[in-house]
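Here is how names work: the chains are called A, B, and so on, in the same order as the sequence lines, proteins then strands, and each is numbered from 1.
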Amino acid sequence: MSQPYRLATGGDVDRNQTINFSFDGKTYTGFSGDTLASALLANGVSIVGRSFKYHRPRGIMAAGVEEPNALVETGDNAFQEPNLQATTVLLHEGLIARSQHRWPSLAFDVGEINDKLSWIFPAGFYYKTFMWPARAWRFYEYFIRKAAGLGTCPDKPDPDSYDQRFAHFDILVVGCGASGLEAAVQAARKGARICLVEQSNELGGQLLHHPEQIIDSLLPADWLKRTVDELTAFDNVTTLPHTTVVGNYGYNYFTAIQHLRTGVTPGSKTHNPRQRLWKIRTKQNIFATGAHERPLVFNNNDRPGVMLADSLATYINRYAVLPGRSILIFTNNDSAYRLAIYAVKAGAEVRITDSRDGSEGHWVKQAATMGIRIEFGKVVVSAIGKRKVEAAIIMSLSSNNAAVEGAAETVPCDLIAVSGGWSPVIHLHAQDRGALVYDKDVSAFVAADGFEDQPSICVGAARGCMDYKTSLEQAATAGANAAFKVGFGNDTPTNISVAETVVTGATSPLWMVPAPQGSRVGYHKHFHEYQNDSTVADIQLAMLEGFESVEHLKRYTTTGMATDQGKTSNVNALGIAAQHSGHDMKDMAPTTYRPPFTPVTLGTIAGRQHGPLFSPERKTPMCQWHKENGAVFEHVGDWLRPWWYENPGEDKHGAVARECMAVRTAVGMMDASTLGKIDICGPDSAEFLNRVYTNSWLKLGIGKCRYGLMLNEQGYVFDDGVTTRLGENHFHMTTTSGGAPRVMTWLEDWLQTEWADLDVYLTSVSEQWAVISLSGPKSRDLLRNLVDFDISKEAFSFMSMKMGAIAGVPARIFRISFTGESSFEINVASNHGLHVWKALLDVGQDFGLTPYGTEATHILRAEKGFIIVGQDTDGTNTPMDLGMDWIVAKNKNDFLGRSAFDLPVIAEQSRRQLVGLLPIDKTTLLPEGAHVTRMRDEPFPCSTLGHITSSYDSPILGRTIAMGLIENGRDLINQSIFARNLDGSSIEMMVCEPAFYDNEGGKSRD
Amino acid sequence: MINSSNQDSYSTQPLSIDTISVGALSLQQLPTSGKLILRGKPNDNAFTNRVSQLLECELPIKVNTVVTSKIGTVMWRGPDEWMIELSLDQVDSLQTDLIAILENQHINIVVVTDAYSVLRLSGQGAPDVLSSGCSLNLNKSEFGTDQCAQTHYHKIGIALRFVDETPTFDIFVRRSETEYLWRHLELACQTNAPH
Amino acid sequence: MFQIKCPYCGNREMTEYTYGGEANLSRPTRLESEDSLALTSYLFSRTNKRGIHLERWFHVFGCRKWFNVARNTITNEIVETYLPNEQPQVVEQTKE
Amino acid sequence: MYRFSAASLLRNAFSGHKNWPQQFQSVEPKQKYQAVIVGGGGHGLSAAYHLAKEFGITNIAVIEKGWIGGGNTGRNTAMVRSNYLQQHSVNLYDASIKMWETMSNELNYNVMFSQRGLLHLAHSVSDMQEIGRRAHAINMFGADAELLTPQQVKKWLPNINLNCRFPILGALLQRRGAVARHDAMAWGYARGATELGVDLIQNCEVTGFEINNGEIKCVHTTKGRIKTDTVGIAVSGHSSHLAEMAGFRLPIETVPLQALVTEPLKPVLNCAVISASIHAYVSQSDKGELVIGGGTDPYVAYANRGAFEEIETMMTAVKELFPNYSRLRIMRQWAGMVDLTPDRSPIISKTPIKNMYMDGGWGTGGFKTSPIGGLLMAEMMATDQVPVLAAPFALSRFESGKLIDEGAASSVAH
Ligand SMILES: Cc1cc2nc3c(=O)[nH]c(=O)nc-3n(C[C@H](O)[C@H](O)[C@H](O)COP(=O)(O)OP(=O)(O)OC[C@H]3O[C@@H](n4cnc5c(N)ncnc54)[C@H](O)[C@@H]3O)c2cc1C
Ligand SMILES: NC(=O)c1ccc[n+]([C@@H]2O[C@H](COP(=O)([O-])OP(=O)(O)OC[C@H]3O[C@@H](n4cnc5c(N)ncnc54)[C@H](O)[C@@H]3O)[C@@H](O)[C@H]2O)c1
Ligand SMILES: Cc1cc2nc3c(=O)[nH]c(=O)nc-3n(C[C@H](O)[C@H](O)[C@H](O)COP(=O)(O)O)c2cc1C
Ligand SMILES: [Zn+2]
């Protein structure tokens, strides 16, 4: 029969919509409205997973996010998703689910041997063994890793897409149970902007399975409808079902995960994202997040068929599934009596074992009236049945809860429903360091009172309030109050929903059921924590071994460290520890609560930020042309720059050599648009430059350019570039491409804080200007054809700037050179960049104009011994180290970094200095980064003299060249030293001045 | 002959595409507009008066506001910084005029026409599209008529201008980062437009 | 995640700002720095305050202004923001 | 010492695991100790162990304000490597790796030291230059380093997206690079120290020092006044606070550093991988979680938590490197407070107070050096001499300006 455990009537499932799904290859049917868990239960599937350590068979225990056992993998191939709780997977057509962490099958799992051997392997056993022989850990580890882990990671990129949204609200209400809805309605009525979030796909919380709960004389369904309708009518309310608030990062900043669709849409379009990350900024927050029921801890309490009482009620009333026929309820509080009533109504046989002495509560009385057998003062000491509960053993509990006594009765049953009390969901409060106190009445931790000035409050079950009437009152007050605090209306709620008062008996804590005297297994199978198989015995052992702090307990026993983060187990674990050490619960503190509340898909946080959207791929105005003309690109920061241009049949080496030679012998052109550019204006501009650069700027003539080095306050070079005086009070600064934002921020800093007296304005114009560097002996002849002014050597001297037109558009042209050849840096408005680039190409044909990339530039400048900041410097070099003493003004009182020159370290003898290096063998290319020794083949380990910063094969010189930062390098000029390969071999090289070509510099002035 | 607004050679807008629309949402790369950054002291009456006279509107001194005049719009960018957006062919003359009237004052006028491009996002749900990477509060009450703001979209800086109640926003973005923003917004439009 | 109130633009997410380190470090003049202690303590030494910390922030995605913030480094509460040429109103009392 | 072994496990199994001795013990402080170590993290515990073991000084106490190993030791991503840039650093860190290699046996405690290899990815020409320089340096200084091509990277990391936004051009491999079980190291040292007679005092905060003529005389704690004439400080993120108590100031800023774990998985990543330029690093724990970290939050904070922003940066980076990790889920995130120095190198040093020593400033990377840091501080405490390995890391370098710059190499934490 299909769905043998489905009830004929009732529930929120749609029996007209059958859904086919598979679990471990077997196909089943369920109904629309089911979760995977409810559908599996309806089909009588009792084993769903295996536990982490002992591989014990496990079934479904809960009905929501607190489920520790029933973890499955869904989807195939790229759509595979491991470790999902069957209780939170919505059933959908074609759902493929698999059990995990078992081999070869769920039913017969070889790993179960661990359970047999569990008596040898208590908590932390792995710290005590696997140490022989020495260093054998990697061997053991191989097997241990295989045995550990749960699901498997997909091996293909995620085909799904994810969305992100930032949103601002006045009030965030988390949880749409009775409390959350009431709070939201109250606040909405006052006019505040509200975000109402519910992790389940349906609104209603507990009300969804408490069908007898009358509110405002309405049945729950009707009250829910009325309330939701009212909320929907407000346009100041945003309701987000199937959305979980996962993180409270403080100061009213929350993250939430919205599930936008279920199931797999193969080939799904990017516009149909699977999940959305919300970043929510609010002013007031109400946590109406309910409470999680706790299990009771007895021998074999993890057997399939042991379920949380209220979860079982959920399956019966919400999903119309009664997964057993004969239910033994084991409780220490009144709430489970509701289940008794539902279960009997659904046709089950029910018997109740209550550890308390008695209760006069409403439901207890009702259950008694219905003739349900209730036994007080008794406990389940053990579950019987390995793959499914077959019976329970019951004994009496001694008056101090310390022992069990009397005869053991075996009660046949196919389900044991347990309720060990309720733990309010205080996670969001606690994540933000909200104070917690132990509440005796609730037997759990709740948010501490006295935070009226705080923006967040817990209400309803989340505050430990376990009856609807008070919860609703509390919620209504909180809602009105929150609205009032954000400036809407007064703090008095209107038309509070009223529930009947229900008398309930007190919860009597029972952290663990004592093991019967002489029991062989003792506490070794009392699981307080299911997924990681943490038992009462483990806690006892840890404490015996000196792990007293609960944080130690957690880490030694791994309790609370599983995917459910101890939602059902943490309070019990504390109770057990308290009991064991003789502490009062009020002196115990839970371990730290941390985001996320429930696990969050990594891809959801990444959103669309991957591939080209990971970070901007910045392109210059001429980029498209480069692409179409064989450019191989280099990533420089976010920029894409042509590295070299590959002609058909060329390799990198050939292409770069061709480009270099073109510049040296004819003319080349490079896109230098990525350079940082800053417009500097104001009466104190020259003084400002004087302070940020090492050299003098006051006397620079208008229209003249000068190279400058910027130092940080430690006296080390951090950027360089050419700055030009456009007018008396007006300069144009260039910076390195990568350093542009940093330099701008740095300059603003000095201007706005330390030197606020200087009248200077800075404006970034990096992207206003496209820059084309035209370089080579024929550059002038070429350019002449395109400009409308005199560019002769006499009229337009080296290191000066002129404005005029090129190819019909305005330009600023700078006579500066980074290659050592006669060069023109042509700046035109970015939108003209491509136009001018193409115009140059047209005219350039006759001159052998060759576009060249960054690699050629680097070679050309190295031939000249020009540094690249960041390559030939590493943030620890002074200008003197770089052989650039000439750029440090001797007569200036102060500039940034100057003071540091007085530090002993700067004056030190053995500093590394930039020198040129010539391999004795002209064809040997020195490895960049190679370190240097004075002696050939000096055995490693040894000390370094320094390292090679730049190394190239120079086409014009027909040999390899290099530069390096070498200790006392300048003293070694004309001596030979040795670069050392990784294998220790030596390459002999000669130290020289860092300049290899046209050392007089005549060419660039040409 | 030489004219910075020489339209023919303005061949290279950052994107080759102009407009997409998805449902009610549209995203558009606006044709290049003229843009000037104006710097000066807001408490210097000589400065503000002269600028106001020339622009025929008050200089927006109030934080995050926009003033529209015959010449174009003036956006607040900081306590001593404004951006004037105007038609391309008026950039040179306005620059010249400003320089002339503000002679000998500590001010600065910089043309940034090409440094930024402007994307126009319009349609119901536009704030949600922007919110896919922008943390600014775009609720109507917080960001509406005559308002502008500089903020960020994921990793890049943007400036937003509220255009109309459709709602329509103009987004000023660095030229080289335009494509990044466009691609993000295009996908966000597809997600947020009702299907 | 805290917000910072830019003295010019108003409250914005911290993601719009960059941190600029401790405020009120006094940069020794050339002469003073010949006493190298003044210089090295300016360069390296930090109060690293547990409690109210005076620090600098830059509104990089906004008005591009530097300003100062008094922030409690234990709770991240922003007590005050003020301009570079101003003095904070908080006099540090709280240690914890 | 009670020896842990397979045999002892079996023996205890037969008695229901009821007879295991305490691994370590928390006691109340005595009035006087020969030496006091402030901070019960890896460094403090290692110092105590080595002081007792190597120098025979056992009348000592470790004072811990919370629970031992609960500081950064308990919240770090447990990467152990010595592939630093500067010679002094490589020497120091490699000496520590050598101690790790024998630690399980030395302590008779399985610290799960797993030398599975560690890759630093290079995403640009300048990254390549940086790892090239580092590889050559490490090699020359006697530790191990190799340079990998992208194809070799793919062999080590079958799921890597070589062609990510910043394509991978190569990697630096250190085969002896490792991960370890961080808590076990703390507990192992604590057990070893207890065994040698050291007093571990938990839940006891140092609140002040009595200093006479520039000499340490007495330590004030929340459990009373303790006389001693030698003090070692190893409190990582709290260093400045302790220094303030002693009346001096440090070149340190304390910033949050965050990390997180995914749900446990079957083995999917068999080495550790760091990408400094796109800000993430990943390894898989023996239990199966992917342990992920990134860069620090930028501002001073003592809150043991950070901004979501950094988490987002890490997740985008991880997805960019391993697009198949996208559907995995994050189970828990946390943060520590790390003590950054200007040059990102530690301070192992005498202090302005006589007989007060410090082992700190390890910033984002001092888990790996718990053994050596502790040993060096122990030697200073026992002899008042500065060992050769420690000398370059003295506080005085911030007066001379002779820094040991590891900044370039540590833009991402590990
Ligand atoms: C997220 C993260 C990832 C990291 N990843 C790595 C990594 O992969 N590899 C690596 O090598 N390093 C890593 N680190 C750095 C590493 O964790 C630390 O450098 C190292 O643990 C420091 O050890 P410690 O013993 O000095 O400090 P801690 O372990 O922090 O111990 C200091 C102890 O001092 C105590 N204390 C402080 N003040 C007082 C007081 N007044 N009185 C008494 N006790 C006090 C503290 O409670 C604390 O327990 C990481 C750090 C973090 C936060
Ligand atoms: N012992 C008992 O009898 C018992 C126990 C619990 C609740 N209740 C009853 O239920 C009434 C409470 O209703 P309530 O509204 O306080 O709780 P509830 O459990 O009905 O509702 C809480 C809702 O919050 C949601 N939620 C929790 N964390 C969330 C998150 N991070 N993000 C999004 N959604 C989240 C849950 O899915 C749930 O729907 C109580 O007043 C009580 O009468 C009774
Ligand atoms: C290497 C490593 C692995 C971890 N694995 C887990 C884990 O599997 N489950 C878990 O809940 N926490 C895990 N944690 C995090 C701890 O639970 C905890 O968050 C961390 O030690 C910081 O302590 P705190 O959160 O109590 O402040 C791990 C931490 C580290 C350093
Ligand atoms: Zn601002």
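- Note that CD1 of Ile107(B) and CG of Asn729(A) are 10.5 Å apart. Values are rounded to the nearest 0.5 Å.
- For the atom pair CG of Leu187(B) and OH of Tyr162(A), the computed distance is 15.0 Å after rounding to the nearest 0.5 Å.
- Counting heavy-atom pairs under 4.5 Å between each of Gln105(B), Lys41(B), Glu81(B) and chain A puts Lys41(B) at the top.
- Across Ser16(B), Gly133(B), Gly40(B), the residue that shares the most heavy-atom pairs under 4.5 angstrom with chain A is Gly40(B).
- Applying side-chain contact (heavy atoms from CB on, under 4.5 Å) to Gln768(A) and the options Ile37(B), Val111(B), Val110(B) leaves one that passes, Val111(B).
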So Glu142(B) and His168(A), side-chain contact (heavy atoms from CB on, under 4.5 Å) or not? Walk me through it.
-> CA-CA 10 Å; Glu142(B) 299 290 324; His168(A) 297 254; over 6 Å; no
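- Phe614(A) carries Lys155(B) over the face of its six-membered ring, with the cationic atom under 6.0 Å from the centre and within 45° of the normal.
- Looking only at atom types and distance, the side chain of Arg193(A) has a donor-acceptor partner in the side chain of Asn139(B) under 3.5 Å away.
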Run the numbers on Arg276(A) and Thr191(B) for side-chain contact (heavy atoms from CB on, under 4.5 Å), then give the verdict.
-> CA-CA 10 Å; Arg276(A) 172 180 291 136; Thr191(B) 301; 3.9 Å; yes
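- For chain B, the nearby part of Val760(A) is the backbone; its heavy atoms alone come within less than 4.5 Å.
- In terms of heavy-atom pairs under 4.5 Å with chain B, the best-connected choice from Tyr761(A), Phe166(A), Trp278(A) is Tyr761(A).
- Checking Glu767(A) against Ser176(B) by side-chain atom types alone, a donor-acceptor pair falls below 3.5 Å.
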Does the pair Arg174(B) and Arg618(A) meet the rule for a side-chain contact (heavy atoms from CB on, under 4.5 Å), with working shown?
-> CA-CA 10 Å; Arg174(B) 250 179 234 108; Arg618(A) 301 179 70 182; 3.9 Å; yes
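- For the residue pair Thr620(A)/Arg175(B), the side-chain donor-acceptor check at 3.5 Å is not satisfied.
- Chain A forms the most heavy-atom pairs under 4.5 Å with one residue out of Leu136(B), Val129(B), Leu138(B), and that residue is Leu136(B).
- The local environment of NZ in Lys838(A) is sparse, with at most 12 non-hydrogen atoms from other residues, nucleotides or ligands closer than 6.0 Å.
- Of the listed residues (Glu617(A), Gln609(A), Lys279(A)), the one with the most heavy-atom contacts under 4.5 Å to chain B is Gln609(A).
- Chosen from Asp128(B), Val112(B), Thr178(B), Leu181(B), the residue pairing most often with chain A at heavy-atom distances under 4.5 Å is Asp128(B).
- Within residues 676-685 of chain A, the residues that have a heavy atom under 4.5 Å from a heavy atom of chain B are Asp679(A), Cys681(A), Gly682(A), Pro683(A), listed by number.
- Residue Gln147(B) qualifies as enclosed at atom CD: its count of foreign heavy atoms under 6.0 Å is above 12.
- The distance from the SG atom of Cys134(B) to the CZ atom of Arg165(A) is 13.0 Å, given to the nearest 0.5 Å.
- Put simply, NE2 on His106(B) and CG on Leu758(A) are 9.5 Å apart, with the number rounded to the nearest 0.5 Å.
- Only the side chain of Trp639(A) comes within contact range of chain B, with heavy atoms under 4.5 Å apart.
- Defined by atom type and a distance below 3.5 Å, a donor-acceptor pair is missing between the side-chain atoms of Asp163(A) and Ser132(B).
- Leu613(A) and Arg183(B) get closest at one heavy-atom pair: CD2-CB, 3.5 Å.
- Qualifying salt bridge (Lys or Arg N to Asp or Glu O under 4.0 Å) partners for Asp80(B), counting only residues two or more places apart in sequence or in other chains: Arg39(B), Lys65(C).
- Across Thr763(A), Asp638(A), Asp759(A), the residue that shares the most heavy-atom pairs under 4.5 angstrom with chain B is Asp759(A).
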